[in-house]
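Reading through the structure tokens given below for one structure.
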Amino acid sequence: MKYLICSDIHGSLTAFEKIIDFFDSFNCDKLLLLGDLLYHGPRNPLPQGHNPKELAIKLNSLAHKIIACRGNCDAEVDQMVLNFPLMGDYFQIIDQGVSIFASHGHIYAPVLKNGKLPKGCESANKKIIVNNPSLILYGHTHVQLLEKNEEGNLICNPGSISLPKEDSPAGFAIYEKGLVSLYNLQGQIIKSLGIND
């Protein structure tokens, strides 16, 4: 399976339409959404192309290809307009023997090589122990990241497609056969790393 991974859409129809184009052009099988889909959040400006009602329609057209988890800005009212499950705090996929754990990052966050949690997750330190996943996906920080932690888990944050922070590009990730690649919204690879690297 080939997965396109994105997070923190925050209601931007414009940004999500680019993701649909990449999903199709990369011939992806599933779209992994790491939360904060429709609402821009009280700390964020309105993103370009903010149109949560139309975004919900676009998301629903892909419902059969979406696996998603809840972000800190997602609410029950969002689930009412979406035709796929959104309210789980995490999901896990086993793909060709590779265990993939995904969450938004505000409740479950990986510990990185420097021993610190990603900025903004300090108050939500719950250690992930889910069959020792090979790949841990999270969003929330709006900053792209791809590295291994001390336990040898591959950690990926695809960043935000609509409201990137800390000079991170707006972007997404692709996972296939043990390889994760970070992309910007122009389709350029930023970094690639394999589970066995």
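Below, each value reflects all heavy atoms present in this structure, side chains not excepted, and no hydrogens, waters or symmetry copies. Numbering starts at 1 and runs along the sequence shown.
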Going by heavy atoms in the side chains, are [X] and [Y] under 4.5 Å from each other?
X	Y	answer
Asp89	Cys69	no
Leu59	Leu33	yes
Leu4	Phe172	yes
Ile93	Ile67	yes
Leu82	Leu38	yes
Phe101	Ser99	no
Leu163	Asp8	no
Asp95	Tyr175	yes

Practice problem: Using the side chain to side chain contact (heavy atoms under 4.5 Å, CB included) rule, take Leu145 and Cys156 through it: C-alpha gap first, then chi angles, then the decisive distance, then the call. | Solution: CA-CA 5 Å; Leu145 178 127; Cys156 175; over 6 Å; no
Taking the side chain from [X] and the backbone from [Y], do they hold a donor-acceptor pair closer than 3.5 Å?
X	Y	result
Asn60	Ala56	yes
Lys2	Lys177	no
Ser25	Asp21	yes
Glu166	Val143	no
Asn149	Gly152	yes
Lys18	Gln186	no
Asp74	Asp36	yes
Asn44	Gly41	no
Ser12	Ile9	no
Gln144	Pro158	yes

Quiz item: So which heavy atom on Gly139 is nearest to which on Leu34, and how close?
Solution: N-CD1, 4.1 Å
Practice problem: Work out which heavy atom in Tyr90 is nearest to a heavy atom in Ser103; give both atom names and the distance. | Solution: CB-CB, 4.0 Å
Does either side chain, that of [X] or that of [Y], offer a donor lying less than 3.5 Å from an acceptor on the other one?
X	Y	value
Asn72	His140	yes
Thr141	Asn157	yes
Ser162	Gln48	no

Quiz item: Under 4.0 Å between a Lys/Arg side-chain N and an Asp/Glu carboxylate O for Asp29 and Lys65?
Solution: no
Quiz item: So, for His40 and His10, is the gap between ring centers shorter than 6.0 Å?
Solution: no
Exercise. Please confirm whether Tyr183 and Phe26 have ring centers closer than 6.0 angstrom.
Key: yes
Exercise. Give the intermediate values and the outcome of side chain to side chain contact (heavy atoms under 4.5 Å, CB included) for residues Leu154 and Val180.
Key: CA-CA 9 Å; Leu154 185 56; Val180 179; 3.7 Å; yes
Practice problem: Walk me through it: do Ile19 and Leu31 pass the test side chain to side chain contact (heavy atoms under 4.5 Å, CB included)? | Solution: CA-CA 9 Å; Ile19 290 300; Leu31 179 58; 4.1 Å; yes
When rounded to the nearest 0.5 angstrom, what distance separates [atom1] in [X] from [atom2] in [Y]?
X	Y	atom1	atom2	value
Asn27	Phe22	CG	CZ	13.5 Å
Met1	Lys30	CE	NZ	5.0 Å
Lys165	Ser160	NZ	OG	8.0 Å

Self-check item: side chain to side chain contact (heavy atoms under 4.5 Å, CB included) assessment of Ile94 paired with Ile100
Solution: CA-CA 6 Å; Ile94 308 297; Ile100 302 168; over 6 Å; no
Self-check item: Glu76 atom CD: more than 12 heavy-atom contacts under 6.0 Å
Solution: no
Quiz item: Would the number of heavy atoms belonging to other residues, nucleotides or ligands and lying under 6.0 Å from CG of Asp197 be above 12?
Solution: yes
